[in-house]
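All remarks here apply to the structure that follows.
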Amino acid sequence: MTSPKKKSAQGKVQRFDVLVVGGGLAGGTFSLALAGQGLKVATIDLENPAAWTDPGFDGRASAIALSSQRVLDAVGIWDVIEKEVAPIKEIRVADGHSPLFLHYDHTQLGTEPFGYMVENRSIRKALNVLVPKTKNLRYFAPARVAELERDDDGVRAVLDDGTQIEASLVVGCEGRGSPTREGAGIKLTKWSYEQTAIVCTVEHDRPHNFCAQEHFLASGPFAILPLPGTDAKPGCRSSIVWTERSDLAPVMMRLSDDDFLEELSLRFGDFMGDLKIIGKRFAYPLTLQFAQSYTAPRLALLADAAHGMHPIAGQGLNMGLRDVAVLAEVLIDAKAAGQDLGSDAVLARYEKWRRFDNTLMLAVTDALTHLFSNDIKPVKLARDLGMAAINQVPPVKKFFMQHAMGTVGELPRMMRGENL
Ligand SMILES: Cc1cc2nc3c(=O)[nH]c(=O)nc-3n(C[C@H](O)[C@H](O)[C@H](O)COP(=O)(O)OP(=O)(O)OC[C@H]3O[C@@H](n4cnc5c(N)ncnc54)[C@H](O)[C@@H]3O)c2cc1C
């Protein structure tokens, strides 16, 4: 931690309740949630938000569980993106080309879909629309925290342009490489899967029928995730997350468009007709990491800054939005009770509520990654039989389907569809 000795280049100190460092998917949603309830929030992001909607910024689309959709709805993001999402009505999980597969249909639980596919860019675009209209919220972007000090009295930060900020609490949500976490000396446990996720968007001849598919190949999972499509070809666009060995991924990334399409088609299959790649390819190296603590005096970590997992189950952002909903609820309740927002007692409530759930999800995704990223015959047989068994036992299947919707566990108010 460094101390802010520099005198203000931008006039007097600006006072807020909470300083949020990293205003992306999790940090931006969190900032809107707090400001909507009357807390004064300063949010700092390294990037110029104008660049966020560029198709080259982040090629990912995220599977958002129903409970996460409720959080986006509560903060106003859903209203902006509603026309750009695709519902997930079915989930099909297959082990390579095995005839045994898992199949979930949302009608077995009710009328609501399991969740929605949302392009990350859409959420960022919604932040650009909502932030300027939100009272109590001030975005500083592009900007960086140059100095940060925390003590019993509060948090003091100096931005790189000399702006001085004071708050009761700083929340680090800068993603996996969080400087707030590192500056606080919070240790990180981390390992690599030696896998890279190649992400791209494809257009296909036949519609996906809003079915999310995951095929477990020897190099790792290959996911075909439904996107809305175009007016001319509704339901004919999908997001691809192709997990490849890290030594092979750069080779795939360097292939010509035609050769890349050929490799992709080998894995995709021909069940949706001819394929066409839309836009750029992106590569994300895959690691597991978790912060050894989510809090420090007057500091909390949120989403990927606290935990990063393999995308095998599409849960990273869903877990991050759970953190958002829980920390927002804890802080709103603390404010109503007249408590210091940065006090140890308030932060302990957040850590206790989120740590176990996140650690469990990290363990599950880690186990699934190891179980499914290989072609060892007895392991393959055991997992195929396991999937067939889940398909055949209705209560077990229902439990897994509720998990996919994110409606299991101790849900915060926003995830139950209640007011914050
Ligand atoms: C291939 C892939 C597929 C995925 N699919 C899914 C899925 O289907 N479903 C799901 O739930 N999750 C999925 N995830 C996980 C999900 O993308 C992440 O969990 C999510 O993006 C984390 O959000 P975040 O806001 O914590 O971090 P980020 O999205 O990384 O945002 C961090 C923000 O902090 C800013 N920042 C960085 N450094 C600084 C700094 N020094 N100062 C100020 N600001 C800074 C950045 O500009 C950015 O705006 C996937 C991940 C991968 C890699």
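For the numbers below, each heavy atom of this structure counts, side chains included, while hydrogens, waters and symmetry mates do not. Each ligand, and each atom within it, is numbered from 1 in the order the structure gives.
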What protein heavy atom sits nearest [atom], and how far away is it?
atom	answer
atom 37 (C) of ligand 1	Glu174 O, 3.5 Å
atom 19 (O) of ligand 1	Asp304 OD1, 2.8 Å
atom 27 (O) of ligand 1	Gly175 CA, 3.7 Å
atom 4 (C) of ligand 1	Pro311 CB, 3.8 Å
atom 43 (C) of ligand 1	Leu46 N, 3.4 Å
atom 21 (O) of ligand 1	Leu25 CD1, 3.7 Å
atom 5 (N) of ligand 1	Ala61 O, 4.1 Å
atom 12 (N) of ligand 1	Leu317 N, 2.9 Å

- Query: With the threshold set at 4.0 Å, does a side-chain nitrogen-carboxylate oxygen contact exist between Asp58 and Arg121?
  - Reply: no
Numbering as shown, the atoms of ligand 1 that approach [X] to under 4.0 Å (heavy-atom distance):
X	answer
Ala303	26 (O)
Gly314	7 (C), 8 (O), 9 (N), 10 (C), 11 (O)
Tyr284	53 (C)
Pro179	41 (N)
Gly316	10 (C), 11 (O), 12 (N), 15 (C), 19 (O)
Ala197	1 (C)
Val199	1 (C)
Ile44	43 (C), 44 (N)

Between [X] and [Y], how do the two ring planes meet: parallel, tilted or perpendicular, split at 30° and 60°?
X	Y	answer
His307	Tyr294	tilted
Tyr139	Trp52	perpendicular
Phe268	Phe271	parallel

Is it the case that ligand 1 has an N or O less than 3.5 angstrom from some N or O of [X]?
X	answer
Gly23	no
Leu302	no
Asn318	yes
Ala26	yes

- May I ask you to check whether over 12 heavy atoms, not counting those of Arg413, lie within 6.0 Å of atom CZ? yes
- Task: Taking all heavy atoms of Gly27 and all of Cys173, pick out the closest pair and write down the distance.
- Result: CA-SG, 3.6 Å
- Query: Testing Leu72, Leu127, Leu130 for side-chain contact (heavy atoms from CB on, under 4.5 Å) with Val80, which one passes?
  - Reply: Leu130
- Best match, Val118, Thr243, Asp45: closest heavy atom to atom 46 (C) of ligand 1: Asp45
- If a pair satisfies ring pair (Phe, Tyr, Trp, His ring centres under 6.0 Å) and one of its residues is in residues 63-95, list it, with sequence neighbours excluded. Trp78-Tyr116
- Identify which one of Lys125, Arg124, Arg237 satisfies the salt bridge (charged side-chain N to carboxylate O under 4.0 Å, His left out) criterion when paired with Glu84. Lys125
- Message: If we only consider heavy atoms of Arg124, is any one of them less than 4.0 Å away from an atom in ligand 1?
- Response: yes
- Message: Is Arg60 close enough to touch ligand 1? Criterion: a residue heavy atom under 4.0 Å from a ligand atom.
- Response: yes
- Item | Residue part near ligand 1, for Cys173, under 4.0 Å between non-hydrogen atoms | backbone
- Glu244 vs Thr196, side-chain contact (heavy atoms from CB on, under 4.5 Å): CA-CA, chis, key distance, verdict: CA-CA 5 Å; Glu244 192 45 87; Thr196 296; 5.5 Å; no
- Query: Under 3.5 Å, is there a donor-acceptor pair between the side chain of Arg416 and the main chain of Leu411?
  - Reply: yes
- Message: I'd like to know whether His208 forms a ring pair (Phe, Tyr, Trp, His ring centres under 6.0 Å) with Phe210, so could you lay out the CA-CA distance, the side-chain angles of the two residues, the decisive distance to 0.1 Å, and finally the verdict.
- Response: CA-CA 5 Å; His208 46 52; Phe210 303 102; 5.1 Å; yes
- Query: Quick one: does NZ or CZ of Arg60 land under 6.0 Å from the six-membered ring centre of Tyr284, within 45 degrees of the ring axis?
  - Reply: yes
